[in-house]
Number of protein chains: 2
Amino acid sequence: MSQLYFKSSPTCEYCALSRNCTENINNTSAMQNVQVLTHKIYHKGDTLFCAGDAFNALYIMRSGSAKASATTIEADEQIVDFYFPGDLLGTDGFAQKQHAHNVSFLETSSVCYISVNSVNALLTHSELGRQQLLSNMSQNTLNQQQQLMNVHKMTSIQRLTGFLLDLSHRLAQRGLSSQQFTLSMTRIDIANYLGMAIETVSRLLTSMQQQRLIQVQRRHITLVNIPEMRKICLSDLLGQTEGESDGMQHAMLSPTTDYPLSSIGGEGRFY
Amino acid sequence: MSQLYFKSSPTCEYCALSRNCTENINNTSAMQNVQVLTHKIYHKGDTLFCAGDAFNALYIMRSGSAKASATTIEADEQIVDFYFPGDLLGTDGFAQKQHAHNVSFLETSSVCYISVNSVNALLTHSELGRQQLLSNMSQNTLNQQQQLMNVHKMTSIQRLTGFLLDLSHRLAQRGLSSQQFTLSMTRIDIANYLGMAIETVSRLLTSMQQQRLIQVQRRHITLVNIPEMRKICLSDLLGQTEGESDGMQHAMLSPTTDYPLSSIGGEGRFY
DNA sequence: CGTGTACTTGAAAAGGTTCAAAGAGTGTGG
DNA sequence: CCACACTCTTTGAACCTTTTCAAGTACACG
């Protein structure tokens, strides 16, 4: 029926379907059945969809950020993912033809809307589209498994450090600073996502600041010693390196963001 | 090119692609480009594929059981899933075009082999096939998230109880007894999967037996008081109900396996 | 019948949570 | 412009669940 087409925008180059986009734009014969995607602005606290809502569309973040959460029977929430520009959203709906998550925005955000009809058309007609969707969904599962593994095998310091590095990496992929950023989520969100008490998050951030690993001021974070943070992720050596933090902090002056590269439309997580 | 076709077998009715199977069999015109799937026998400890192996095929368990594990950088393993007859396997390969897991068998097992070509053909030509695959993969992610949520919100007693109920439920769906079964995995596997020490698993099983919730003898498990086990999953009341277990154990005489129903090809987990 | 692997059990230790209280930034209305 | 209410955040101390370490038991296989 129709192929997907995104109006060009600064965000598009990071979009989960950008390669597909480009393919369509370059393929003039395909231009005839192109469907211009609509996008919409949401504000902090707005919900994109709730668990149980009919599965009508997939979404792509254009700007801003969002969180997806599931709800337990006892009605407490579990945040399962955060989304940033370019991320594909809503594939939780394929399982039961209704959404399984609540997605809400952490700040003013803009999202593209892709109706299920468009998705079906894409799957029917575009080999690349199929690949991208399957890859993305497969990667989602792997990311969740990685997350599970982290909870099982890593201490809370390692998890929090990994979380910050992951954020840094994801932002860097989108052309933003990998060393300085503003958290769009609260401590409560972070704690919930990482499966710890918010007091623990707070204590650990303070501790990391004291060790000159990060600089933290409310939501504003600066990663001061990324190499050291990476080491911590691999083996928890906090507590052993108490006194000698002064000799370390200068190593960060060469801000080589040499993260392992991966395509946006189904990227792995970095720890 | 070709559609998928499974030789009829007792297992097929529980297969992840059975509806698709039936569709093909009933559609005589589709029979011309049918591809008979091959299946192969594996033994305990054999590996189906390893992380890094080229992604050549999907697999469906016909009999037996298997486990999928990921490996951390520190080389310790994390079991991410167990598989039983009818389960679809190998979709971890879509993300990077190579497998991300190691899959090995827990007992003598038989699996169907579906080459990626067949999968592509299925996706191209069968709307139902697309639906099933996407649903299955979406459900995989949801299951992993559920698992993550369990680790964050539930005590170890709740997780282990939930694990046993989940096994019971999955076996029941396959026409086996939901009350008595033999674990094909070791305590080590269970502990690894649930993210606890094997000593904890051992202690909890003993404790549950003392409370007349289960009967356990090495790998052989009998669920004695399923209703009570369900309650424990919802709210951890072990420790409070120490002394009065005698009045409870008779409630299980009506073994109504009234689990919430769901289709095999993308089922949710039951806790 | 011995050896190895899987499993169980006990006691001490650790990591993280919970409870309690206080500090800091934000917005509202007088 | 300040005071008040509010939410988000930090910090301290006691507590608790689960882990770790250390033996010991039991079943399976040659």
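In what follows, chains are A, B, ... by sequence order, proteins preceding strands, each numbered from 1.
The distance from atom NZ of A:Lys153 to atom P of D:dT19 is 12 Å, rounded to the nearest whole Å. Residue A:Glu199 contributes atom CD, which lies 16 Å from atom P of D:dA14 at whole-angstrom precision. Atom P of nucleotide D:dT9 and atom CG of A:Leu204 are separated by 15 Å, given to the nearest angstrom. One interatomic measurement links the two molecules: NE2 of B:His152 to C1' of D:dT17, which rounds to 16 Å at whole-angstrom precision. The interatomic distance linking A:Ile198 (CD1) with D:dT10 (P) rounds to 9 Å, in whole Å. Taking atom CG of A:Asn192 as the reference point, atom P of C:dT17 lies 12 Å away to the nearest angstrom. Going from atom NE2 of A:His220 over to atom P of D:dT9 covers 15 Å, rounded to whole Å. One atom, CE of A:Met208, and another, C1' of D:dT10, lie 16 Å apart when rounded to the nearest Å.
Counting heavy atoms from C-beta outward, A:Leu183 and A:Arg187 have side chains that approach closer than 4.5 Å.
Distance from the side chain of A:Arg203 is smallest to D:dA13 among D:dT20, D:dT18, D:dA13. Considering only side-chain atoms of B:Ala197, the nucleotide from C:dT17, D:dT20, D:dT10 that sits closest is D:dT20.
Remark: A:Thr186 is not in phosphate contact with D:dC8, judged by side-chain N or O atoms under 4.0 Å from OP1 or OP2. Dashed line: the shortest gap from a side-chain N or O of B:Arg219 to OP1 or OP2 of D:dC27 is not under 4.0 Å. A sub-4.0 Å separation between OP1 or OP2 of C:dT8 and a side-chain N or O of B:Arg187 is present. In terms of phosphate contacts, B:Thr200 brings a side-chain nitrogen or oxygen within less than 4.0 Å of OP1 or OP2 of D:dT19. OP1 or OP2 of D:dT11 sits under 4.0 Å from a side-chain N or O of A:Thr206.
Toward the 5′ end of DNA chain C lies the nearest nucleotide of B:Ile188, the other residue of the pair B:Ile188 and A:Met196 mapping further downstream.
Residue contacts for A:Arg218: at a heavy-atom cut-off of 4.0 Å it reaches the sugar-phosphate backbone alone, with no base atom in range. Within 4.0 Å (heavy atoms only), A:Ser156 reaches sugar-phosphate atoms of the nucleic acid but no base atom.
Here the CG-CG distance, from A:Asn140 to A:Leu88, works out to 7.5 Å after rounding to the nearest 0.5 Å. Rounding to the nearest 0.5 Å gives a distance of 12.5 Å between NE2 of B:His39 and OG of B:Ser109.
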Yes or no on side-chain contact (heavy atoms from CB on, under 4.5 Å) for B:Gln144 and A:Leu148, after CA distance, side-chain angles and deciding distance?
CA-CA 8 Å; B:Gln144 292 298 326; A:Leu148 191 63; 3.7 Å; yes

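The backbone N or O of B:Pro85 lies less than 3.5 Å from a partner atom in the side chain of B:Arg174, making a donor-acceptor pair.
Counting atom types as modelled, B:Gln217 pairs no side-chain N or O with a base atom of D:dC27 as donor and acceptor under 3.5 Å.
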